[in-house]
Amino acid sequence: MANYWLLKSEPNVYSIADLQRDGSTCWEGVRNYSARNNMRRMTVGDLALFYHSNANPPCVAGVCRIKKEAYPDRYAWNEKSKYYDDKSPKDSPRWFMVDVEFLEAFDRLVSLEEIKSTRSFEDMVLVKQGRLSVQPVKKSEFDAIVRMGRRK
DNA sequence: GCCAACGTTGGC
DNA sequence: GCCAACGTTGGC
């Protein structure tokens, strides 16, 4: 059975339009342990809301699907990368990434404000905690947000 | 640009 | 293992 997730990206770094253009991408640069642990629980075919953080407005912008399960994030070993981490040994990788593929860009952005003001979303990690860049979402929450995004 | 809420680091 | 100092995220 598929799991559901929410992935945050700053649209000025990588947006849903970029993913639509590329078709798929690797999700590198997660450097937070609980986000990493969530990523390692992902399986191929899981669905994820694509969230635009540091955006105006912050919002869910579309949907993507997990294409490849967690594997070592090579950017942690690249000294030139801003994601470089000298505490991630090659024989015992600390950081992981997944591959995701584009599924849809919403007709209508579902803003954080709208999510926060909807009663049935009050238990979402996005609402309760906020700062986590890879977080689990309930199927009911996922389905409801996708419905909102498709409504013109 | 500010700052609240978290996370991480490192001395002890 | 505690906790102060520091760093980051991300909404506003």
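Within every chain, numbering begins at 1; the chains are lettered A, B, ... in the order of the sequence lines, protein sequences first and strands thereafter.
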> Any idea which of B:dG7, C:dC12, C:dG10 is nearest the A:L112 side chain?
C:dC12
> Can you figure out which of C:dG10, C:dC12, B:dT8 approaches the side chain of A:S53 most closely?
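Nearest to the side chain of A:S53 among the choices is C:dG10.
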> Roughly, in whole Å, what's the span from CG in A:L132 to C1' in B:dT8?
15 Å
> How many whole angstroms separate atom CZ of A:R131 from atom C1' of C:dG11?
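Taking CZ of A:R131 and C1' of C:dG11, I get 11 Å after rounding.
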> Got a salt bridge between A:D143 and A:K139, using NZ or NE/NH1/NH2 to carboxylate O under 4.0 Å?
yes
> Between the base of C:dT8 and the side chain of A:R31, is one N or O donor paired with an acceptor at under 3.5 angstrom?
no
> With respect to A:K8, which candidate in A:V30, A:L126, A:V60 satisfies the side chain to side chain contact (heavy atoms under 4.5 Å, CB included) definition?
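Answer after filtering A:V30, A:L126, A:V60: A:L126.
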> In this structure, how many angstroms lie between the C1' atom of C:dG10 and the OH atom of A:Y51, rounded?
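Rounded to the whole Å, the gap is 8 Å.
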> At 4.0 Å (heavy atoms only), tell me whether A:Q129 reaches a base, stays on the sugar-phosphate, or touches nothing.
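Result for A:Q129 = sugar-phosphate.
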> Using the side-chain heavy atoms of A:P58, tell me which of these nucleotides is nearest: B:dC6, C:dG11, B:dT8.
C:dG11
> Do the side-chain N or O atoms of A:K8 get closer than 4.0 angstrom to the phosphate oxygens (OP1, OP2) of C:dT9?
no
> Run through A:F50, A:F96, A:W5 and flag the one making a ring-ring contact (aromatic ring centres under 6.0 Å, His included) with A:W27.
A:F50
> For A:R31, does the CZ atom have more than 12 heavy-atom neighbours from other residues, nucleotides or ligands under 6.0 Å away?
yes
> With nearest nucleotides of DNA chain B determined for A:R94 and A:N54 from heavy-atom distances, which residue corresponds to the more 5′ nucleotide?
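The answer here is A:N54.
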